[in-house]
Chemist: 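Can you keep this structure in mind? I'll have questions shortly.
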There are 2 protein chains.
Amino acid sequence: MTPSEAGTTPRERYRAQVRAEIKDRAWEQIATAGASALSLNAIAKQMGMSGPALYRYFGGRDELITELVRDAYRSLADAVRAAAAKDGPDVRVLAHALRDWALEDPQRYFLIYGTPVPGYHAPDDITAIASEIMAHLLDACAEVGGDAPEGPFDTHLAEHRDWADGHPAPPAALHRALTFWTRLHGVLSLELAGHFTGMRFDPALLFTAELDDLTGRPPAQGLC
Amino acid sequence: MTPSEAGTTPRERYRAQVRAEIKDRAWEQIATAGASALSLNAIAKQMGMSGPALYRYFGGRDELITELVRDAYRSLADAVRAAAAKDGPDVRVLAHALRDWALEDPQRYFLIYGTPVPGYHAPDDITAIASEIMAHLLDACAEVGGDAPEGPFDTHLAEHRDWADGHPAPPAALHRALTFWTRLHGVLSLELAGHFTGMRFDPALLFTAELDDLTGRPPAQGLC
DNA sequence: TAACTTGAGTGATAACCTCTAACCATGACC
DNA sequence: GGTCATGGTTAGAGGTTATCACTCAAGTTA
C-alpha cells in the first residue's frame, strides 16, 4: 500500500523485491561458505520455492555472481566516496575506510580482489566503478604534494597514465596511489585470509605501520 | 625392470606412480581452469579409468587439494632455498625467486595465497613448511642491519615474536620481513589476478620499484 | 605347486548441483 | 470476457562427489 516510488508497477516492485531477497541469501551463503559454495538450489529452497524459479530473475549462477561483484564494487565505491566527503580526500581516511569495509565482510572483499576465475572478464560498467574508486584515491594522493623522488617507474608512469583517465595528478602521485593500493591490499588480504592468525601480533598495528610509512612518517624522517 | 629405489615393493612403486599422475593431471586442470574447477571424474576419465578408482589413492577432493597445497608450499620452499643457497640470503634474490615462481604458475600461487575457504584450516606440516620459508626470509632480513627506526609496531613485535620460532633477528628485522612479505604479495597478487591489465604500465617495474623501496634505495637516500 | 590374502578397478547407487523444456495458474490490460 | 505476459511448478538431461558391493589379478605364504 505504500506508494513508495511512483511510476513503478506492483509487478516491477515485486520483482525487484524478490531479486533483492535472492541476493541477500546469496550474500549470506558467500559470507559463511565462500563464493564457490554458492548454490541456487539452496537459495530457492530457503525462499520456499523450488529450483528453476530463480532463472526467472537471473540468467544463471554466473550472472548472479556478476551482479554480486557489481554490488560489492558499488558498496566499496560508496564507502570510499562517503569517507572522502566526510573527512576530506585524505589518504589515511581512505585507508581506514577500506579496512573497515573489508573487515565488515571479508568474503565480499575477496569477491573483488581474490583469486580470479581464469576465463572471466569483468563487464565495462564494473571497471567503470573501479576507476571511480581509483579517482578518489588519486585525489587523495594528489593532495600530498611533497618531494618527488622521480624513480625509473615514475618516468615510465609519465608515459603510461591512461588508467588515470585524465586525472591531473603528477606521475609521483600516480605512483603513490599504486603503492597505496598494493601495500594496503597486501597486508589486508593476508590478514583476511588468516595467514597471520598463527603468529600472534596484531594485524591492525601492521596496517597502521604500513600506513605511517605510506604517509611519509617513519621511513624517511621518522623518530629514529 | 629398473630397480630404482630398493626396499619398495612393485605395488608401492605402482601406487606412487599413479598418485603422481593424478596430481599431474590435477595441476594441469588447476593451471587452466582454476582450483574450483578441479574434477575428479575428469581426471579419472583422462587416465582411462572410471570414477571411484581415484578414491583408492586420495580420500576425496579435499584431500587431493590439500596435497596439492602441500606440494605448492614445498615447491616454493625449494625455490626460495635454492635461490638463497645460490646467491646468498639476500632480500632481492628472494624477491625475484618469489616472483619467478609465482609467474611460472599463477594458479599455484593463488592456491597458497588466494581466497581462503572459510572452514578450512591447514594441517601442521603445511604451516611448518611455511615457517621454513619465513626462516629464509628472516635470514635475509637480518643480513641488512642498518638503522632501526623503532616504531610502535617494532616494540609490539618485540613481545610477539613467537612466529619467528627462535630466530635471533631483532624486531626491526621481523618488521622488515613482514613488510617484505605483504608488499610483494600485494603487487604480485594484484598483477596475477589481472587487475593491472586494463592500465598499461609494466607490472615488473612496479615490482622492482617496491623492491627498491624495500631495500632502502629511493625513499630515504634516493636520487631525488 | 596350490591356497590364501591383498588391493586395484568396476558398475550401481544416492545425493547433490546447474540448467532446459514443457506446462499451468494468476493477474493485468484491452 | 478474452488475450497474454509473468511467475511458478514438475520432469528431465547431464554434470559432480562419494559410498557400496563385487570381481579379478597379483603377490605371498604354506
Side-chain angles (χ1 to χ4, degrees), chain A residues 1 3-26 28-30 32-69 117-120, chain B residues 1-26 28-30 32-69 117 119-120:
Chain A
M1 288 305 168
S4 68
E5 320 209 16
T8 67
T9 85
R11 275 229 138 118
E12 283 170 335
R13 272 184 289 155
Y14 176 73
R15 181 174 180 83
Q17 176 179 334
V18 174
R19 272 179 69 101
E21 182 172 355
I22 293 175
K23 293 205 281 189
D24 282 351
R25 310 283 181 143
E28 292 175 14
Q29 273 196 9
I30 286 183
T32 64
S36 64
L38 194 150
S39 157
L40 295 188
N41 243 331
I43 293 177
K45 208 157 293 182
Q46 272 188 352
M47 293 178 62
M49 54 195 199
S50 206
L54 296 199
Y55 287 80
R56 299 284 180 193
Y57 299 92
F58 293 97
R61 209 183 100 111
D62 288 5
E63 191 176 311
L64 173 57
I65 289 189
T66 297
E67 192 85 358
L68 297 179
V69 171
V117 29
Y120 181 77
Chain B
M1 290 302 169
T2 60
S4 67
E5 318 209 19
T8 67
T9 84
R11 281 277 217 0
E12 284 169 336
R13 273 184 288 153
Y14 176 75
R15 182 176 179 81
Q17 177 178 334
V18 174
R19 270 180 71 101
E21 181 172 354
I22 292 175
K23 293 205 279 189
D24 282 351
R25 310 282 182 144
E28 292 174 15
Q29 272 195 12
I30 286 183
T32 64
S36 64
L38 194 150
S39 157
L40 295 189
N41 241 331
I43 293 177
K45 209 158 293 182
Q46 272 188 351
M47 294 178 61
M49 53 194 200
S50 204
L54 295 199
Y55 287 81
R56 297 278 177 197
Y57 299 92
F58 293 97
R61 209 184 102 110
D62 288 5
E63 192 177 310
L64 173 57
I65 289 189
T66 297
E67 192 85 357
L68 296 179
V69 170
V117 29
Y120 181 77

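As a basis for the values below, the full set of heavy atoms in this structure was taken, side chains included, without hydrogen atoms, waters or symmetry mates. Letters go in sequence order (proteins before strands), and every chain restarts at 1. Keep in mind that what you see is a predicted model, and the values were worked out from it rather than measured.
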Chemist: In whole angstroms, how far is the P atom of C:dG27 from the CD atom of A:E12?
Modeler: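 It is 18 Å, rounded to the nearest whole Å.
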Chemist: Looking at B:Y14, does any N or O in its side chain come under 4.0 Å of the phosphate oxygens OP1/OP2 on C:dG9?
Modeler: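 Yes, within the criterion.
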Chemist: Looking at the side chain of B:S50, which of D:dT17, C:dG9, C:dG11 is the nearest nucleotide?
Modeler: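 My answer, after comparing the listed nucleotides, is C:dG11.
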Chemist: Give me the atom names and distance for the closest heavy-atom approach of A:M47 to A:E21.
Modeler: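 Shortest heavy-atom separation between A:M47 and A:E21 comes out as CE-CD, 3.6 Å.
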Chemist: D:dA18, C:dT10, D:dT16: which one has an atom nearest the side-chain heavy atoms of B:S39?
Modeler: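 Selected nucleotide (nearest to the side chain): D:dT16.
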Chemist: Base, sugar-phosphate, or nothing: which does A:R11 touch, judged by heavy atoms less than 4.0 Å apart?
Modeler: base
Chemist: Using a cut-off of less than 4.0 Å, is there contact between a side-chain N or O of B:Y57 and OP1 or OP2 of C:dG9?
Modeler: yes
Chemist: Rounded to whole Å, please give me the gap between CE in B:M47 and P in C:dG9.
Modeler: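 Nearest whole value for this atom pair: 8 Å.
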Chemist: For B:K45 and B:P52, take the nucleotide of DNA chain D holding the closest heavy atom to each; which residue's nucleotide lies nearer the 5' end?
Modeler: B:K45
Chemist: Among A:I43, A:L40, A:L64, which one satisfies side chain to side chain contact (heavy atoms under 4.5 Å, CB included) with A:F58?
Modeler: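 Among A:I43, A:L40, A:L64, the one that satisfies the side chain to side chain contact (heavy atoms under 4.5 Å, CB included) with A:F58 is A:L64.
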Chemist: How far apart are the closest heavy atoms of B:S36 and B:R61, and which atoms are they?
Modeler: O-NH1, 3.8 Å
Chemist: When the distance from CD1 of A:I65 to C1' of C:dC17 is rounded to whole Å, what number comes out?
Modeler: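 Going from A:I65 (CD1) to C:dC17 (C1'), I get 13 Å.
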Chemist: Could you give the CG-to-P distance, from A:N41 to C:dT18, as a whole number of Å?
Modeler: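 Value for this atom pair: 5 Å.
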Chemist: Below 4.0 angstrom from OP1 or OP2 of D:dT6, is there any side-chain N or O of A:R15?
Modeler: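 Indeed not, no polar side-chain atom of A:R15 lies that close.
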Chemist: Tell me if a side-chain donor or acceptor on B:R56 pairs with a main-chain N or O of B:R15 at a distance below 3.5 Å.
Modeler: no
Chemist: Could you check which of C:dC19, C:dA8, D:dT17 has an atom nearest any side-chain atom of B:L40?
Modeler: D:dT17
Chemist: Without decimals, in angstroms, what is the distance between B:Q17 CD and C:dA8 P?
Modeler: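 About 13 Å, once rounded to whole Å.
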Chemist: So what does B:L64 touch, heavy atoms closer than 4.0 Å: a base, only the sugar-phosphate, or nothing?
Modeler: nothing
